[in-house]
Amino acid sequence: ICEVIIINKPLLCLLGLVAVVGTFTTVMSFEGKREVFSEAGAIQIEDDTKQIVSLPNIASRVVSISSADSELLITLGVSPVGVVNSRELPADVQAKIAQYPNMNSAVSPSIERIIMSDPNLVIGIAMPFQTALRKAFNANHIPSFYHLSSNYDDIMDHIRHVGTMTGHDREAAALVQKYNDILTEIIQRHKDESVPRVLIVFGTPTSYQLASSKTYVGDIFQRLGAKNVADVYLPQDVSENALDGYIPLNLETMAVLDCDKVILINHGSSGEKDIAAFKKAFKTPAWQNVPAVANGNIEVLPGPLFASVPTARMDQVLLYAEKVLYGQSH
């Protein structure tokens, strides 16, 4: 079976290492990454912009300029002094985030509101529209940590790191353990089944790219046992840069799309229009050569789970992906 997964506006995330330094230290390792916890409480972090972020102690006043991090902070038991929200999140999650001071949107956070909230840590995405704010934060002596996510391990590390920076280590460890247990259970349930062949595609109705197993969503499906047919187009020297895991979709690459199912993502309020536009695009001769498209076998992925990285709902992501691959979930 080959399934095509189409995703609009992917939001990637990738994390740096956390090291807490001081007079006395103890060392712990997670997924091969070294984290050093100090009794003195000082924290140093290298984020995805290759900047060392220094915290004199645990951050007690945190501002999130990423809606996924807003949700994660609340889930871990942190009361942020500033958040951004998103209409692409489930209504109940939006309602929880709305209880905290709003810093405008992730695309255009309010520098004035952030500074007035007097934070001792800002967490954001390593994208230009957010990293450009670092100069203003530095001028006001506000540490800022920027990250991206390209795979499951990075996401788990990010959860741990946020827990470490905010003093909620136990809550973060419990959340990671929950996700790892679910992942293990899914793999065990299907260990004797045939491996599904998938093709993951994201983009607009007129512009597509293939998401290999070197991307966030591709990595999730690969861990559940899927074979990503786009991996044949990865260069041998592909880097760990998340963006390098995406491959242009053209007539040559479409020749391998011998698939049974096409899955679209309903992205935000314009999702239905996106789906209609995709279906119109699928009427082209190139797409009609794909069995799944020719047979009209098209399904929709929920945007709140797959359009971005929902660190506080990764269990739902894993179970939904299992249902897509194997036709069942628990």
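Everything numeric in this text was worked out from a predicted model, so none of it was measured.
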Side chain to side chain contact (heavy atoms under 4.5 Å, CB included) with Tyr179: of Thr311, Asp315, Thr184, Ile155, only one passes, and it is Asp315
Ile159, Leu183: one ILVMFWY side-chain cluster at the under-4.5 Å cut-off? yes
Output for pair (Lys135 NZ, Ser144 OG), nearest 0.5 Å, gives 14.0 Å
*asked:* Would a single hydrophobic cluster contain both Val83 and Val78, if residues Ile, Leu, Val, Met, Phe, Trp and Tyr are joined by side-chain heavy-atom contacts under 4.5 Å?
replied: no
Smallest heavy-atom separation, Val122 atom then Pro119 atom, equals CG2-CG, 4.2 Å
Taking every heavy atom of Leu224 against every heavy atom of Ala321, the minimum-distance pair comes out as CD1-CB, 3.5 Å
The reported gap from CG in Leu121 to CD1 in Ile45 (rounded to nearest 0.5 angstrom) is 6.5 Å
Within a strict 4.5 Å, meaning less than it, do heavy atoms of the Arg223 and Asp153 side chains meet? yes
CG (Leu210) and OH (Tyr246) are apart, to the nearest 0.5 Å, by 11.0 Å
Separation between OH (Tyr146) and CD1 (Ile123), nearest 0.5 Å, reads 11.0 Å
- Message: Hydrophobic cluster membership, with links at side-chain heavy-atom distances under 4.5 Å among I/L/V/M/F/W/Y: are Leu319 and Ile200 in one?
- Response: yes
Start with the C-alpha distance between Val176 and Asp157, add both sets of side-chain angles, then the distance that settles side chain to side chain contact (heavy atoms under 4.5 Å, CB included), and finish with yes or no. CA-CA 9 Å; Val176 169; Asp157 283 341; over 6 Å; no
Discussion item. Do Tyr100 and Val63 have side chains that approach each other closer than 4.5 Å (heavy atoms only, starting at C-beta)?
Written reply: no
- Are any non-hydrogen side-chain atoms of Gln222 and Asp231 less than 4.5 angstrom apart? yes
Heavy-atom nearest pair, Glu46 first then Lys50, reads OE2-CD, 3.6 Å
**Prompt:** Checking Asp69 side chain against Gly124 main chain: does a donor-acceptor pair fall under 3.5 Å?
**Reply:** no
Minimum side-chain heavy-atom gap Ser70-Asn85 below 4.5 Å:
no
- Quick one: does Thr131's side chain have a donor or acceptor within less than 3.5 Å of a partner on Ala126's backbone? no
task: State, with a plain yes or no, whether a side-chain heavy atom of Asp47 is found less than 4.5 Å away from one of His147.
output: no
(message) Set out, in order, the CA-CA distance, both residues' side-chain angles and the distance that settles side chain to side chain contact (heavy atoms under 4.5 Å, CB included) for Ile186 and His190, then state yes or no.
(response) CA-CA 7 Å; Ile186 293 174; His190 304 286; 4.0 Å; yes
Output for pair (Glu112 CD, Asn104 CG), nearest 0.5 Å, gives 11.5 Å
Item to complete: Look only at the side chain of Ser117 and the backbone of Ile114, and say whether a donor-acceptor pair between them is shorter than 3.5 Å.
Response: yes
Separation between CG (Leu72) and CD (Glu171), nearest 0.5 Å, reads 11.0 Å
Q) Would one find more than 12 heavy atoms of other residues, nucleotides or ligands at under 6.0 Å from atom CZ of Arg113? A) yes
Note to self: Please evaluate residues Ser150 and Asp219 with respect to the criterion side chain to side chain contact (heavy atoms under 4.5 Å, CB included), reporting the C-alpha separation (whole Å), side-chain torsions for both, the decisive distance (0.1 Å), and the verdict.
What the structure shows: CA-CA 8 Å; Ser150 65; Asp219 178 70; over 6 Å; no
- Message: Determine whether Tyr152 and Asn180 satisfy the following criterion, side chain to side chain donor-acceptor pair (under 3.5 Å), listing intermediate values before the conclusion.
- Response: CA-CA 10 Å; Tyr152 179 83; Asn180 286 339; 2.7 Å; yes
Per side-chain hydrogen bond (donor to acceptor under 3.5 Å, both in side chains), Glu71 is matched among Arg313, Gln94, Lys96 by Arg313
Exercise. Side chains of Ile74 and Pro80: does their closest heavy-atom pair fall under 4.5 Å?
Worked result: yes
In terms of heavy-atom contacts, Ser212 and Gly245 come closest through OG-O, 2.6 Å
For residues Ile52 and Ile142: do they belong to one hydrophobic cluster (side chain heavy atoms under 4.5 Å, members Ile, Leu, Val, Met, Phe, Trp, Tyr)? no
I would like to know whether Gln130 and Ile125 meet side chain to side chain contact (heavy atoms under 4.5 Å, CB included); could you show each step before the answer? CA-CA 7 Å; Gln130 292 201 349; Ile125 308 270; 3.7 Å; yes
ask   = Do the side chains of Leu325 and Phe221 get nearer than 4.5 Å, heavy atoms only?
value = yes
Q.
Would you say that Leu55 contacts Phe145 through its side chain, given a criterion of any heavy-atom pair below 4.5 Å between the two side chains?
A. no
query: Val317, Ile187: one ILVMFWY side-chain cluster at the under-4.5 Å cut-off?
result: yes
